[in-house]
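All of these numbers come straight from a predicted model, not from anything done at the bench. Order of the sequence lines sets the chain letters (A, B, ...), proteins ahead of strands, with each chain counted from 1.
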Amino acid sequence: MFMKKTYITTAIPYVNGVPHIGHAMDYCLADVCARYYRARGDEVRFQVGTDEHGNKIFQKARELNVPVQEYVDTNAEKFKKFIAKLDISYTDFVRTTSEDHKKRVREIWQKLSEHIYMAEYEGWYCTGCERYITEKECKENNGVCPDHQKPYEKLKEENYYYRVADFKKQIREAIESDEILILPDFRKKEMLRLLEETPDVSISRPTSQLSWGVPVPGDESQVMYVWMDALSNYITVLGYPEQAINDWWPAMAQFVGKDILRFHAILWPAMLLGLGLPLPKVLVSHGMVLSNGQKMSKSIGNVVEPMEVIDKYGLEAFRYYFLRHVDTFADSDFTWEKYSDAYNNELANDLGNLVQRLATLAKKNSIVVEQPLEGLTPSKEYCDLMNEFKFARAFDVVWEKIQSLNKRIDDEKPWSLAKNGETELLDKCMTELIKDLLQANYELIPFLPNTAERIVGIFANGEIRPPESPLFPKG
RNA sequence: CGUGGGGUAGAGCAGCCUGGUAGCUCGUUUGGCUCAUAACCAAAAGGUCGUUGGUUCAAAUCCAACCCCCACAACCA
């Protein structure tokens, strides 16, 4: 039997920190997408992973006095656990320090070699920070590093560059024509403008600057610098280049935070074009989660820990909030008050209570629904929104159905029908209500898989009985 | 004179492209119901749609200028 193959990717986080809410957003959006396409019958491959090279990681490991590989192993494990905790239905986990990835990235580099050249880079450098700083930052600090109280030095080094210029025209056409569809639309304009001013990209560092990375093939004095290494993960995980990847590539959708969209909309297509590979179909750029209206930052002290949010009301509530009340594309605010309101008013009152009252009514009146899961298909409105990656809006559509069921129960008053002995009418009314609940529930699957499964267990598993504990206890 | 987004009821947002009596959710107030997790349903109050000017019979919507917030520009997703 022929199944459409669909490949979905997420950005791979840099493992020098702990998983935060932004990573969770990326995972949850991609997960909804993956579950939706699976429900439609596609065979879905879903990549997640970790970016593990670079100076910051090297330094952090040295500070902690542990071998670097051990350090990244530990942190990669943290991300793996986090992803599992979010119930993300991934199929592939890629690590940039894996032997497979490193071998393949070197092969990719070689394939791109005709677009790679060496040039000298000159800039202000702080020996304390061990990094280059921008001209503007240098000026602002009057030429002295505020952290180390040392004057910046003018340094020169040799870097390899990737000649993005070779592909600008093709990339512009691909973006303009939506061959690569960039969502949301206003980001597309932003990327087109950025493309024009994008210089060739530095893709290596001398080992004297950076040792924790993939050595450049044919030049052991240089290692690859972040992007060439990291972006390649989307195809190395599929086995490129030694394995044919055209079953899966191009990706149907690549999910990224808006801050790294530029690399995915410009450098990544340039790499793919250099390799002669097709371009991804859709780049979905999601916004940031704000905390009390501000960007989360350690110095402001408003960082919201995802684990803490999950622990408050459970995973389903977490997914609910971040998939419905956080705009799929724009920045959205998180506050504990909104979170608690959403949980109590919507999950507990709207949905939890609806399930409870319907199940109780059914049980009291011994209602039996024949073939309750027969003929369930998602509505057109819902599918259209899902296909356009407007997940939060699609979720709204599902929720309207759930809320309208509460109204219908009030209007049709099944309890009066029972009291008046109108069993036939009661049976018909209850059957319809339950079927419609299961219809809404079917569309709920990608968003709240565990809840949806519980609801099926209550209504579509022989005798209907209320849940032993509330779906969403008030709190 | 950098680029992009935004300013609509107490809060969060839709409507703007394709002008025609201002809409949704939460919150507030009142009423109804009793199957249900003190849940559910209904009604009401609440807005000179950032400012000024223009086009038009008619502007939240189109045009111009200005004010204000935010993000990006630089390795905090």
- Query: Can any side-chain N or O of A:Ser204 pair as donor or acceptor with the backbone N or O of A:Tyr160 at less than 3.5 Å?
  - Reply: yes
What is the distance, rounded to the nearest whole Å, between atom [atom1] of [X] and atom [atom2] of [N]?
| X | N | atom1 | atom2 | result |
| --- | --- | --- | --- | --- |
| A:Glu197 | B:G4 | CD | C1' | 12 Å |
| A:Trp399 | B:C13 | CH2 | P | 20 Å |
| A:Glu400 | B:U25 | CD | P | 9 Å |

- Message: Which nucleotide wins on minimum distance to the side chain of A:Arg262, given the candidates B:G4, B:C72, B:C33?
- Response: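 When the side chain of A:Arg262 is considered, B:C72 is the closest of B:G4, B:C72, B:C33.
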- Task: Report the nucleotide, chosen from B:A71, B:G5, B:G12, that has the shortest atom-to-atom distance to any side-chain atom of A:Asp331.
- Result: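 For A:Asp331, the side-chain atoms sit closest to B:A71.
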- Query: Looking only at atom P, what distance separates B:C62 and B:A44, rounded to whole Å?
  - Reply: 31 Å
- Query: Quantified in whole Å, what is the P atom distance between nucleotide B:G47 and nucleotide B:C66?
  - Reply: 32 Å
- Hey, which of A:Asp31, A:Asn450, A:Thr451 is the one that makes side-chain hydrogen bond (donor to acceptor under 3.5 Å, both in side chains) with A:Arg319? A:Asp31
Review item, nucleotides 39-41 of chain B N/O atoms under 3.5 Å of protein N/O:
residue : atom : partner  : partner atom : Å
B:A39   : O2'  : A:Asn353 : OD1          : 3.4
B:A39   : O2'  : A:Asn353 : ND2          : 2.5
B:C40   : O2'  : A:Arg357 : NH1          : 3.0
B:C40   : O2'  : A:Asn406 : O            : 3.4
B:C40   : O2'  : A:Asp410 : OD1          : 2.8
B:C40   : O2   : A:Asp410 : OD2          : 3.2
B:C41   : O4'  : A:Asp410 : OD2          : 2.9

Output one line per pair: protein atom, nucleotide atom from nucleotides 1-3 of chain B, and distance, for all N/O pairs under 3.5 Å.
residue : atom : partner  : partner atom : Å
B:U3    : O2'  : A:Arg193 : NE           : 2.4
B:U3    : O2'  : A:Arg193 : NH2          : 2.5

- Message: Can you say whether a donor on the side chain of A:Tyr225 sits under 3.5 Å from an acceptor on the base of B:C75, or the other way round?
- Response: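 Counting by modelled atom types and ignoring angles, a donor-acceptor contact under 3.5 Å is found here.
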